[in-house]
Amino acid sequence: MGYALKGAIILIKTEASIQVQAAIAIIMTIAGFYFNITATEWIAQTLCIGLIMGLEGMNTTAEAIADFIHPDFHKKIGHIKDIAAGAVVITAIASSIIGGIIYIPYIIALFN
């Protein structure tokens, strides 16, 4: 557990993409408290946050390993990095849709 926590701290301190995701996670958590979302909505939101941040970590790992193995530009390494980044984008899109499903009704209710 100690090594895992160390890795998470390093990831958050050194990777801009994780820092952006962490900021979004904080904003969404505040929104969850503000709108008093249901337990089921909290579960979905927490799962989305965890999936995106975990996948960002795996993307960072894939990129670091690829750069270590082949530091110069290589078409196949670029392809691997693109696929890893694509996995993050797919998860982010799905999470955005889930966020919309959760929050759009609350936002509409504010104006009614």
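Computed from a predicted structure; not experimentally measured. Just the heavy atoms: all of them, side chains too, but no hydrogens, waters or symmetry mates, feed the values below.
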How far does CD1 of I43 sit from CD1 of I37, to the nearest 0.5 angstrom?
-> 10.0 Å
Is it true that M28 and F33 fall in one hydrophobic cluster, defined by side-chain heavy atoms closer than 4.5 Å?
-> yes
Distance-only, no hydrogens or angles: does the Q19 side chain make a donor-acceptor pair with backbone N or O of K13 under 3.5 Å?
-> yes
Residue pair F111 / I107, side-chain heavy-atom distance below 4.5 Å | yes
Separation between CD1 (I77) and CD1 (I65), nearest 0.5 Å, reads 10.5 Å
What distance separates E63 CD from N59 CG, expressed to the nearest 0.5 Å?
-> 4.5 Å
Could you work out the complete set of other residues in the hydrophobic cluster of I18, with links drawn between I, L, V, M, F, W and Y side chains under 4.5 Å apart?
-> L11, I12, I49, M53
Residue pairs fulfilling side-chain hydrogen bond (donor to acceptor under 3.5 Å, both in side chains) with at least one residue in residues 33-54, sequence neighbours excluded = T38-E41, E41-Y106, Q45-Y103
Atom pairs and distances, donor-acceptor, side-chain atoms in residues 80-102, under 3.5 Å, two or more places apart:
from, atom 1, to, atom 2, distance (Å)
K81, NZ, D67, OD1, 2.5
K81, NZ, D67, OD2, 3.4
T91, OG1, A87, O, 3.0
S95, OG, T91, O, 2.9
S96, OG, A92, O, 2.9

In the hydrophobic cluster built from side-chain contacts under 4.5 Å, what are the other members alongside L47?
-> L51
Considering residues at least two apart in sequence or located in another chain, which fulfil the ring-ring contact (aromatic ring centres under 6.0 Å, His included) criterion with H79?
-> none
Qualifying salt bridge (charged side-chain N to carboxylate O under 4.0 Å, His left out) pairs with a residue from residues 45-61, counting only residues at least two apart or across chains = none
